[in-house]
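What follows is one structure encoded as structure tokens, with my remarks underneath.
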Amino acid sequence: MRLICRSEALVDGGEGVCFEVERYGVKEPAFVVRHAGQARAFLNRCAHVPVKMDWQPGRFFDLEGRYITCGVHGALYEPHSGHCVMGPCKGGKLRSLAVEEQDGGVYLVEAETL
């Protein structure tokens, strides 16, 4: 496991923390946010067109803190599942990453599928 950030860095519906993961030998942008008390991590790319989604650095939620939003296309994603509920990729899904929270930290669970 690899430390992404301290747990207190994530506030429910607030800013996320950006980090990188390596997939097939290539570094890719990713992010972690907190929603409904749980840390959730995804690759930082829209399911419609693979662009970074934060509309400002670390800003992934809509103004109400309800949905993860793509700052480029306006697509809305459910934070607990990554499913797109509105926008050009409706029915699509963000690529989720396994994270665990323990001892005051949020950790990326290294997996062979990365």
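Residues: numbered from 1 along the sequence shown. When reading the values below, keep in mind they use all heavy atoms of this one structure, side chains included, and skip hydrogens, waters and symmetry mates.
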Excluding sequence neighbours, so at least two apart, what forms side chain to side chain contact (heavy atoms under 4.5 Å, CB included) with [X]?
| X | value |
| --- | --- |
| Glu8 | Arg6 |
| Arg59 | Glu15, Trp55, Gln56 |
| Lys90 | none |
| Val11 | none |

Taking all non-hydrogen atoms of both residues, which atom of [X] and which atom of [Y] are closest, and how far apart?
| X | Y | value |
| --- | --- | --- |
| Val33 | Gly16 | CG1-CA, 3.8 Å |
| Ala9 | Val17 | CB-CG2, 4.3 Å |
| Gly14 | Phe61 | O-CD1, 3.2 Å |
| Val21 | Ala30 | CG1-CB, 4.3 Å |
| Phe31 | Leu43 | CE2-O, 3.7 Å |
| Phe19 | Ala41 | CZ-CB, 4.3 Å |

Sub-3.5 Å donor-acceptor pair from the side chain of [X] to the main-chain atoms of [Y], do we have one?
| X | Y | value |
| --- | --- | --- |
| Asp62 | Thr69 | no |
| Asp54 | Phe60 | no |
| Asn44 | Met53 | yes |

Once you round to the nearest 0.5 Å, how far does [atom1] of [X] lie from [atom2] of [Y]?
| X | Y | atom1 | atom2 | value |
| --- | --- | --- | --- | --- |
| Met86 | Glu78 | CE | CD | 12.5 Å |
| Leu97 | Arg40 | CG | CZ | 12.5 Å |
| Ile4 | Glu20 | CD1 | CD | 12.5 Å |
| Leu108 | Cys5 | CG | SG | 11.0 Å |
| Ser81 | Ile68 | OG | CD1 | 8.5 Å |
| Cys84 | Leu94 | SG | CG | 8.0 Å |

> Given Lys52 and Arg45, is the side chain to side chain contact (heavy atoms under 4.5 Å, CB included) satisfied, shown in steps?
Replying inline: CA-CA 5 Å; Lys52 287 186 179 180; Arg45 65 173 184 226; over 6 Å; no
>> Test of understanding: with side chain to side chain donor-acceptor pair (under 3.5 Å), list the residues that count as partners of Arg34, not counting sequence neighbours.
In response: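 Listed in chain order: Glu101.
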> Under 6.0 Å from the CZ atom of Arg2, do we count more than 12 heavy atoms belonging to anything else shown?
Replying inline: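 Yes, the 6.0 Å shell around CZ holds more than 12 heavy atoms from other groups.
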>> Less than 4.5 Å apart, side chain to side chain, heavy atoms only: is that true for Cys46 and Cys89?
In response: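 SC-SC contact between Cys46 and Cys89 confirmed.
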>> Is there a side-chain contact between Gln102 and Tyr107 in this structure, where contact means two heavy atoms from C-beta onward sitting under 4.5 Å apart?
In response: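 Yes - at least one pair of side-chain heavy atoms lies under 4.5 Å apart.
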> According to the ring-ring contact (aromatic ring centres under 6.0 Å, His included) rule, which pairs have a member within residues 69-102, sequence neighbours left out?
Replying inline: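 Non-adjacent pairs meeting ring-ring contact (aromatic ring centres under 6.0 Å, His included): His48-His73.
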>> Using a strict threshold of under 4.0 Å (side-chain N to carboxylate O), is an ion pair present between Lys27 and Glu22?
In response: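 Salt bridge flag = no for Lys27 with Glu22.
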